[in-house]
Student: 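Supplied in structure tokens, the structure appears directly below.
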Amino acid sequence: ELTPGLMPGADPDLVKPLQRRISKLYEAIHLETKVSRIDVADDALVAHFEGKHSGSQKFDRVLVAVGRTPNGKSINAKAAGVEVDDRGFIRVDRQMRTNVPHIYAIGDVVGQPMLAHKATHEGKVAAEVCAGQKSAFDARVIPSVAYTDPEIAWVGVTELEAREKDIEYGVGKFPWAASGRALGNDRSEGFTKLLFDKKTDRVIGAGIVGPQAGDLIAEAALAIE
């Protein structure tokens with residue numbers, strides 16, 4: 001991982017239980033390190049590292065995950081008059097309409113966040129508008145979920161964002177070591193965290209780490225909504 005944290009974008013305390021668990025399973029985890037190149041040898045793939053962990057190492061297989069880019073430029077959308085920006089995104093309004101009123105777009109191609117559950121809801125909105133219903137995409141928050149073991153999920157304002165924006169916030173944490181169900185499942189390493197506005201006591205963000213965190217985060221999203 002190129003950055004100092006195992007999971008950029010997530011609060012470091014949410015990532016710690018995952019890092020502790022996988023550190024026992026993997027031979028090594030290298031942070032602040034990038035793969036500069038991979039050479040093909042007769043008997044292996046040779047990966048070369050730069051940064052905090054430098055040098056080279058042989059591997060049988062290499063899995064590379066470097067994110068996604070929109071395909072707006074490769075689908076010839078301009079032939080239909082649909083505008084595509086320089087990065088390949090298609091701009092839409094809250095009813096998922098493009099600049100061509102009878103053409104709609106949803107999903108990764110319309111912009112961040114590139115998440116399947118966001119795309120599914122956009123598809124629902126577009127279908128309802130096509131059917132003549134008064135519908136619009138008006139989600140205040142969209143949860144993010146890492147399908148790791150344990151799962152990590154967060155929604156709304158993170159602590160990192162709150163500090164950057166000078167938001168006066170408070171934190172409430174519940175350790176799963178105090179949960180009978182988590183102890184019964186032998187998975188007590190997780191916790192639930194809520195961020196709230198000190199002036200109004202409104203919930204502004206939440207984070208959960210533990211099994212099924214991606215399901216549980218929906219309650220926190222509903223609280224913020």
Side-chain angles (χ1 to χ4, degrees), residues 7-11 14 63-162 164-165 167 192-197 200 202-225:
M7 195 176 293
D11 284 334
L14 288 174
L63 172 65
V64 183
V66 291
R68 288 156 291 172
T69 55
N71 67 351
K73 289 185 176 181
S74 63
I75 59 175
N76 200 22
K78 289 185 178 179
V82 176
E83 293 176 358
V84 181
D85 70 16
D86 294 339
R87 297 178 60 198
F89 287 109
I90 295 173
R91 185 170 296 181
V92 293
D93 62 15
R94 291 177 64 198
Q95 292 189 311
M96 312 317 298
R97 279 194 181 94
T98 66
N99 63 297
V100 181
H102 67 281
I103 298 179
Y104 299 77
I106 65 162
D108 293 358
V109 79
V110 304
Q112 299 287 356
M114 291 182 172
L115 300 171
H117 48 282
K118 171 240 188 192
T120 300
H121 189 67
E122 287 173 337
K124 179 176 181 288
V125 169
E128 288 171 347
V129 174
C130 287
Q133 297 181 28
K134 292 180 179 178
S135 183
F137 189 86
D138 62 352
R140 281 190 60 198
V141 290
I142 301 171
S144 296
V145 184
Y147 300 108
T148 47
D149 184 18
E151 286 184 10
I152 299 174
W154 63 97
V155 66
V157 178
T158 65
E159 280 202 74
L160 293 172
E161 290 172 335
E164 288 173 2
K165 296 177 181 177
I167 297 172
T192 300
K193 174 173 73 171
L194 290 181
L195 271 62
F196 58 90
D197 187 317
T200 64
R202 289 182 180 273
V203 178
I204 59 173
I208 304 174
V209 53
Q212 283 81 56
D215 301 319
L216 297 169
I217 200 68
E219 286 294 329
L222 181 60
I224 296 171
E225 289 276 359

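Given the structure is predicted, the values throughout are model-derived calculations rather than measurements.
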Student: Restricting to non-hydrogen atoms, name the atom on Val203 and the atom on Leu194 that form the minimum distance, rounded to 0.1 Å.
Tutor: CG1-CD2, 4.3 Å
Student: Kindly compute the distance separating NZ (Lys124) from CD (Gln133), expressed to the nearest 0.5 Å.
Tutor: 8.0 Å
Student: Which atoms form the tightest heavy-atom contact between Ala126 and Ile106, and what is the distance?
Tutor: CB-CG2, 4.2 Å
Student: I need the Asp138 CG to His121 NE2 distance, nearest 0.5 Å.
Tutor: 6.5 Å
Student: Any chance you could measure Ile152, atom CD1, to Ile217, atom CD1, to the nearest 0.5 Å?
Tutor: 11.5 Å
Student: Of all the heavy-atom pairs spanning Ile103 and Ala80, show the shortest one and how long it is.
Tutor: CD1-CB, 3.8 Å
Student: Locate the shortest heavy-atom distance separating Ala153 from Ala213; write the atom from each residue and the value.
Tutor: CB-O, 3.6 Å
Student: Taking the side chain from Glu128 and the backbone from Lys134, do they hold a donor-acceptor pair closer than 3.5 Å?
Tutor: no
Student: Considering all heavy atoms of both residues, which atom of Pro150 and which atom of Pro211 are nearest to each other, and what is their separation?
Tutor: CB-N, 4.3 Å
Student: Applying side-chain contact (heavy atoms from CB on, under 4.5 Å), can you list everything that pairs with Ile75, at least two apart in sequence or on another chain?
Tutor: Asn71, Ala77, Ile90
Student: Which distance, rounded to the nearest 0.5 Å, do you find between the NZ of Lys73 and the CZ of Arg87?
Tutor: 10.5 Å
Student: Applying side-chain contact (heavy atoms from CB on, under 4.5 Å), can you list everything that pairs with Thr192, at least two apart in sequence or on another chain?
Tutor: Trp176, Ile208
Student: For Glu225 and Val141, run side chain to side chain contact (heavy atoms under 4.5 Å, CB included): C-alpha distance rounded to whole Å, both residues' side-chain angles, the deciding distance at 0.1 Å, then the answer.
Tutor: CA-CA 7 Å; Glu225 289 276 359; Val141 290; 4.2 Å; yes
Student: What is the distance from atom CG of Asp108 to atom CD of Glu122, rounded to the nearest 0.5 Å?
Tutor: 9.0 Å
Student: For Arg140 and Ile224, indicate whether the former's side chain and the latter's backbone hold a donor-acceptor pair under 3.5 Å.
Tutor: yes
Student: Drop me the distance from Ile142's CD1 to Phe137's CZ, to the nearest 0.5 angstrom.
Tutor: 4.0 Å
Student: Would you call Glu159 and Leu195 a side-chain contact if the rule is heavy atoms closer than 4.5 Å?
Tutor: yes
Student: With a 6.0 Å cut-off (strictly less than), is the heavy-atom count around CZ of Arg97, excluding the residue itself, greater than 12?
Tutor: yes
Student: Under the side-chain contact (heavy atoms from CB on, under 4.5 Å) test, which residues partner Glu161, sequence neighbours left out?
Tutor: Val157, Thr158
Student: Side chains of Val129 and Tyr104, heavy atoms from C-beta outward: is any pair under 4.5 Å?
Tutor: yes
Student: Tell me the closest heavy-atom pair linking Ser135 and Gln95, and the distance in Å.
Tutor: O-NE2, 3.0 Å
